[in-house]
**Q** 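I'd like to ask some things about the structure below.
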Amino acid sequence: MTEHTTLNRWIADQIRHCQPDQVVWWHGTPAQYDETLTMMVKNGAAVALDPVKRPGCYLFRSHPSDVARVENRTFIASERLADAGPTNNWIEPGRLKAILSGLYAGSMKGRTMYVVPFSMGPLRSSFSKFAVLLTDSPYVAVNMQIMTRTGDAVLAAIGSDGAFVPCLHSVGYPLSAGVADPAWPCAPIEQKYIAHFPEERMIWSYGSGYGGNALLGKKCLALRIASVQARDEGWLAEHMLILKLTNPEGKVRYVTGAFPSACGKTNLAMLVPTIPGWKVETIGDDIAWMRFGRDGRLYAVNPEAGFFGVAPGTSTNTNPNAMATIAKNTIFTNVALTDDGDVWWEGIGTPAPAHLIDWQGKDWTPSSKEPAAHPNARFTAPAAQCPAIAPEWEDPAGVPISAILIGGRRPTTVPLVQESRSWRHGVFMGSIMGSEITAATISDQIGQVRRDPFAMLPFIGYHAGDYLQHWLDVGASRDPAKLPKIYSVNWFRKDQHGKYLWPGYGENSRILKWIFDRAEGTTDAVETPIGRMPRPEDLDLAGLDLRPETTQALLSVDADAWRRETESIQRYYRIFGDRLPAALTEELESLKRRLA
């Protein structure tokens, strides 16, 4: 119990309704964390990995029905349908509460309710938001300790009358006396609900124990609810990495970047530069909260305390800093287990062993038809363990942002890098970003672009058109000289044979160098119909085996392709109806005129 009357009343109400066998307050101590994991190993929910190979590491296997975000079961229950907009699932709040109240009734029987106070952002930062999570999942409790600041210090910061976001979570699997608890309890897919009540600043999640469905500080609070708070309070809650870039002279610039899934966001956040003398350090790999400082510049904090990364494809080649980060004190979910107590996944960079236990707990050999690790297998690791973590990653004032990157997978049309002509033009660029659909998906959609404005489409807590207007508004009254420029980057341009033109990974530092130098005013750009771009000689390509015609292709602007692109944009903009900002329509028409 605390001295916070509203908090105490809410907890008591949920205890009566959910009926847990016992209630445990999460203190945020290493001892409680270790004891909880030891208990889960004892009851078969977790596997302790080899203490020499992976000290302090554990493996969990989810139910096959509970392996990813369930966007079709994720709801924005705003008071009005129009405020949820065309990109969100909506249920009237009263109706959704009635459905969930029925499901929550007795849902924690036979289980422990963990009361987890948590902070998104450093405790002493004006950026930060407090919340309290009630969950019947010990897996969620230990993951929250890694991903957020938890426990008694947060409770003290909330005090007797502080604001907090109430977060209720149940796996939806009550236990009767004598009934064995499965290793991964969850409800059937049709009973899974991840519900957000934006006007009440409240989150209810039922039926799933996995990832962002259950770690409610992540996408639910840090993006869907925080985006509404940001709109109302005049700041930005974004699905963005934050990195620190230092040049050979010791000058520092900070950059954020919005990239949809599978577009290399974590790899970029932990980049190892290939150009001599340059250094990249990590502030955050997934979420940025940004506010304007007294000096008129935009400052960003990473509200998270850990990394919740996709394991498959992560290797010492693609992301050596991530591999070093997860060498200890890490929770792995749905990766494969080696016979000597280590982990393995597709793309880890070492050959598959002759025998593994796969993510479903079954024997696996290289001749098996199914992958050993689930494609969305995850690791949860403390950010402080990253060898590339910047010393100021927890600075309560945030770091000043010089550039905002946006990018997707575009095999054609979009060049390697382009700079916005203005803040408004940059918001236009952010509104149309996305990835091209390939032959791996439905054939009649090949070549179409799945638009994902600022990589936020699944995470905006209100109408997407109003979200884009908010971006326009926050920069409208600011000194343009102090606003960060917005840059479109595309590491995924291909030639006519389907081969990538740009080597990517550490070589992306060459593009960051040009962006850095643009902020310093020490390099040129040329005007094109789509934005400002480098000439080949403006890029540091020394030591890179890149033919001049390849560089030219990477920086080319195909007017015919861009005219087709404007037609696609116009069709896409129709989904916003009368909530599409007029400024974006004007930017589209201006682009058409420049292309003509």
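We use all heavy atoms of the structure for the numbers below, so side chains are in, but hydrogens, waters and symmetry mates are not. Numbers here are sequence positions counted from 1.
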**Q** Might you point out which heavy atoms bring Gly361 and Arg61 nearest each other, and give the distance in Å?
**A**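 The pair with the smallest heavy-atom distance is N-CD, 3.5 Å.
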**Q** Determine yes or no for a side-chain-to-main-chain donor-acceptor pair under 3.5 angstrom, with His169 supplying the side chain and Leu133 the backbone.
**A**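 Side chain of His169 to backbone of Leu133, a donor-acceptor pair under 3.5 Å: no, none is there.
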**Q** Among Tyr572, Tyr467, Trp471, Tyr573, which residue meets the side chain to side chain donor-acceptor pair (under 3.5 Å) test with Ser431?
**A**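 Filter result, single survivor: Tyr573.
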**Q** State, yes or no, whether a side-chain contact exists between Trp25 and Leu155 at a heavy-atom distance under 4.5 Å.
**A**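 Trp25 vs Leu155: side chains touch.
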**Q** Can Val23 and Leu134 be said to form a side chain to side chain contact (heavy atoms under 4.5 Å, CB included), step by step?
**A** CA-CA 10 Å; Val23 177; Leu134 308 183; over 6 Å; no
**Q** Ignoring hydrogens and angles, tell me if any N or O in the side chain of Glu92 forms a donor-acceptor pair with the backbone of Arg95 under 3.5 Å.
**A**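 Answer holds: yes.
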**Q** Evaluate ring pair (Phe, Tyr, Trp, His ring centres under 6.0 Å) for Phe164 paired with His4, printing each intermediate quantity in order.
**A** CA-CA 11 Å; Phe164 69 96; His4 198 301; 5.4 Å; yes
**Q** Looking only at non-hydrogen atoms, find the nearest pair between Phe576 and Ala464 and report the distance.
**A**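 Closest approach of Phe576 to Ala464: CE2-CB, 3.5 Å.
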**Q** Would you confirm whether Trp393, through its side chain, and Thr282, through its main-chain N or O, come within 3.5 Å as a donor-acceptor pair?
**A**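 Between the backbone of Thr282 and the side chain of Trp393 there is no qualifying donor-acceptor contact (under 3.5 Å).
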**Q** Heavy-atom count check: over 12 atoms from other residues, nucleotides or ligands less than 6.0 Å from Glu3 CD?
**A**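 Result for CD/Glu3: open.
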**Q** Per the side chain to side chain donor-acceptor pair (under 3.5 Å) rule, what does the pair list look like for residues 187-203, sequence neighbours excluded?
**A**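 Sorted pair list: Arg73-Tyr193, Lys97-Glu200, His196-Arg224, Arg201-Asp232.
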**Q** Under a 3.5 Å distance rule, please check whether Ser125 uses its side chain to pair with a backbone N or O of Pro396 as donor and acceptor.
**A**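 Present.
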**Q** Could you check whether any side-chain heavy atom of Val142 comes within less than 4.5 Å of a side-chain heavy atom of Trp26, counting everything from C-beta outward?
**A**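 In contact.
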**Q** For the side chain of Ser137 and the backbone of Val140, is there at least one donor-acceptor N/O pair under 3.5 Å apart?
**A**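 Yes, Ser137 side chain to Val140 backbone: donor-acceptor pair under 3.5 Å.
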**Q** Between Lys219 and Asp286, does a salt bridge (charged side-chain N to carboxylate O under 4.0 Å, His left out) hold up when you go through it step by step?
**A** CA-CA 10 Å; Lys219 309 300 190 188; Asp286 195 45; 2.7 Å; yes
**Q** Using only atom types and a distance under 3.5 Å, with no angle test, would you say the side chain of Asn89 pairs donor to acceptor with the backbone of Thr74?
**A**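 A pair under 3.5 Å: yes.
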**Q** So which atom in Gly461 and which in Ile76 form the shortest heavy-atom distance, rounded to 0.1 Å?
**A**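 In terms of heavy atoms, the two residues are closest at O-CG2, 3.3 Å.
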**Q** Tell me, do Leu405 and Leu268 make a side-chain contact under 4.5 Å, heavy atoms counted?
**A**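 With C-beta onward as the side chain, the pair touches.
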**Q** Kindly say whether Ser62 contributes a backbone atom to a donor-acceptor pair with the side chain of Asp66 at under 3.5 angstrom?
**A**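 The answer is no, because no donor-acceptor pair under 3.5 Å joins these two groups.
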**Q** What I'd like to find out is whether the side chain of Met433 reaches to under 4.5 Å of the side chain of Pro260, using heavy atoms alone.
**A**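 Yes, close enough: below the 4.5 Å cut-off.
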**Q** Could you go through the side chain to side chain contact (heavy atoms under 4.5 Å, CB included) check for Lys265 and His239 one step at a time?
**A** CA-CA 10 Å; Lys265 185 149 63 84; His239 187 208; 3.4 Å; yes
**Q** Considering only heavy atoms from C-beta outward, does the side chain of Phe308 approach that of Ile146 to under 4.5 Å?
**A**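 A side-chain contact is absent here, since even the closest heavy-atom pair is not under 4.5 Å.
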**Q** Mark yes or no for whether Glu346, through its side chain, and Ala373, through its backbone, hold a donor-acceptor pair below 3.5 Å.
**A**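 Judged by distance alone, yes, a pair lies under 3.5 Å.
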**Q** For the side chain of Ser107 and the backbone of Tyr104, is there at least one donor-acceptor N/O pair under 3.5 Å apart?
**A**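 The answer is yes, because a donor-acceptor pair under 3.5 Å joins these two groups.
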**Q** Measure across Val171 and Pro185 and return the closest heavy-atom pair with its distance rounded to 0.1 Å.
**A**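 The pair with the smallest heavy-atom distance is CB-O, 3.6 Å.
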**Q** Using the rule given for side chain to side chain donor-acceptor pair (under 3.5 Å), can you reason through Asn319 versus Thr314, listing the C-alpha separation, both sets of side-chain angles and the distance that settles it, and then say yes or no?
**A** CA-CA 6 Å; Asn319 197 333; Thr314 302; 6.0 Å; no
**Q** Go through it in stages, so that I can follow the logic: the residues are Asn376 and Asn334, the test is side chain to side chain contact (heavy atoms under 4.5 Å, CB included), and I'd like the CA-CA distance, side-chain angles, deciding distance and then a yes or no.
**A** CA-CA 8 Å; Asn376 193 41; Asn334 291 340; over 6 Å; no
**Q** To the nearest 0.5 Å, what is the distance between SG on Cys57 and CG on Leu37?
**A**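 Result: 10.5 Å between the selected atoms.
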**Q** For a quick test of reading the model, state the closest non-hydrogen atom pair linking Arg149 to Asn302 and the distance between them.
**A**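 Smallest heavy-atom distance, with atoms named: NH1-O, 4.2 Å.
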**Q** Under a 4.0 Å N-O cut-off, is there an ion pair linking Asp473 with Arg231?
**A**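 Salt bridge flag = no for Arg231 with Asp473.
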**Q** Are the side chains of Ile404 and Met240 in contact, using a 4.5 Å heavy-atom criterion?
**A**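 Sidechains of Ile404 and Met240: in contact.
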**Q** Do Val70 and Ile189 have side-chain heavy atoms sitting under 4.5 Å apart?
**A**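 When only atoms from C-beta onward are counted, Ile189 and Val70 do touch, with a gap below 4.5 Å.
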**Q** Under 4.5 Å between any side-chain heavy atoms of Asn8 and Thr2, yes or no?
**A**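 SC-SC contact between Asn8 and Thr2 confirmed.
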**Q** I need the minimum non-hydrogen distance between Glu233 and Arg291, along with the two atoms involved.
**A**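 Minimum heavy-atom separation between Glu233 and Arg291: OE1-NH2, 4.1 Å.
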**Q** Mind running side chain to side chain donor-acceptor pair (under 3.5 Å) on Ser208 and Asn213 for me, showing each step along the way?
**A** CA-CA 6 Å; Ser208 172; Asn213 303 334; 3.0 Å; yes
**Q** What's the separation between atom OH in Tyr33 and atom OG1 in Thr150, rounded to the nearest 0.5 Å?
**A**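 Tyr33 OH to Thr150 OG1: 10.5 Å, rounded to 0.5 Å.
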**Q** Do other residues, nucleotides or ligands put more than 12 heavy atoms under 6.0 Å from the OH atom of Tyr173?
**A**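 Counting other residues, nucleotides and ligands, OH of Tyr173 stays at 12 neighbours or fewer.
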**Q** For Tyr254 and Glu392, run side chain to side chain donor-acceptor pair (under 3.5 Å): C-alpha distance rounded to whole Å, both residues' side-chain angles, the deciding distance at 0.1 Å, then the answer.
**A** CA-CA 11 Å; Tyr254 300 92; Glu392 63 273 42; 2.3 Å; yes
**Q** Between Ile460 and Phe454, does a side chain to side chain contact (heavy atoms under 4.5 Å, CB included) hold up when you go through it step by step?
**A** CA-CA 10 Å; Ile460 304 168; Phe454 288 102; over 6 Å; no
**Q** Applying the ring-ring contact (aromatic ring centres under 6.0 Å, His included) criterion to Tyr139, which one of Phe332, Tyr210, Phe60 satisfies it?
**A**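 Running ring-ring contact (aromatic ring centres under 6.0 Å, His included) over Phe332, Tyr210, Phe60 with Tyr139 returns exactly one hit, Phe60.
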**Q** Hey, what do you get for CG (Leu215) to SG (Cys167), rounding to the nearest 0.5 Å?
**A**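 Interatomic distance, Leu215 CG to Cys167 SG, rounded to 0.5 Å: 11.5 Å.
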**Q** Using a 3.5 Å distance criterion without hydrogens, assess whether the side chain of Gln385 forms a donor-acceptor pair with backbone atoms of Lys328.
**A**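 Yes: the side chain of Gln385 pairs with the backbone of Lys328.
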**Q** Just do the salt bridge (charged side-chain N to carboxylate O under 4.0 Å, His left out) check on Arg579 and Asp83 with the steps written out, would you?
**A** CA-CA 10 Å; Arg579 306 282 271 267; Asp83 292 336; 3.3 Å; yes
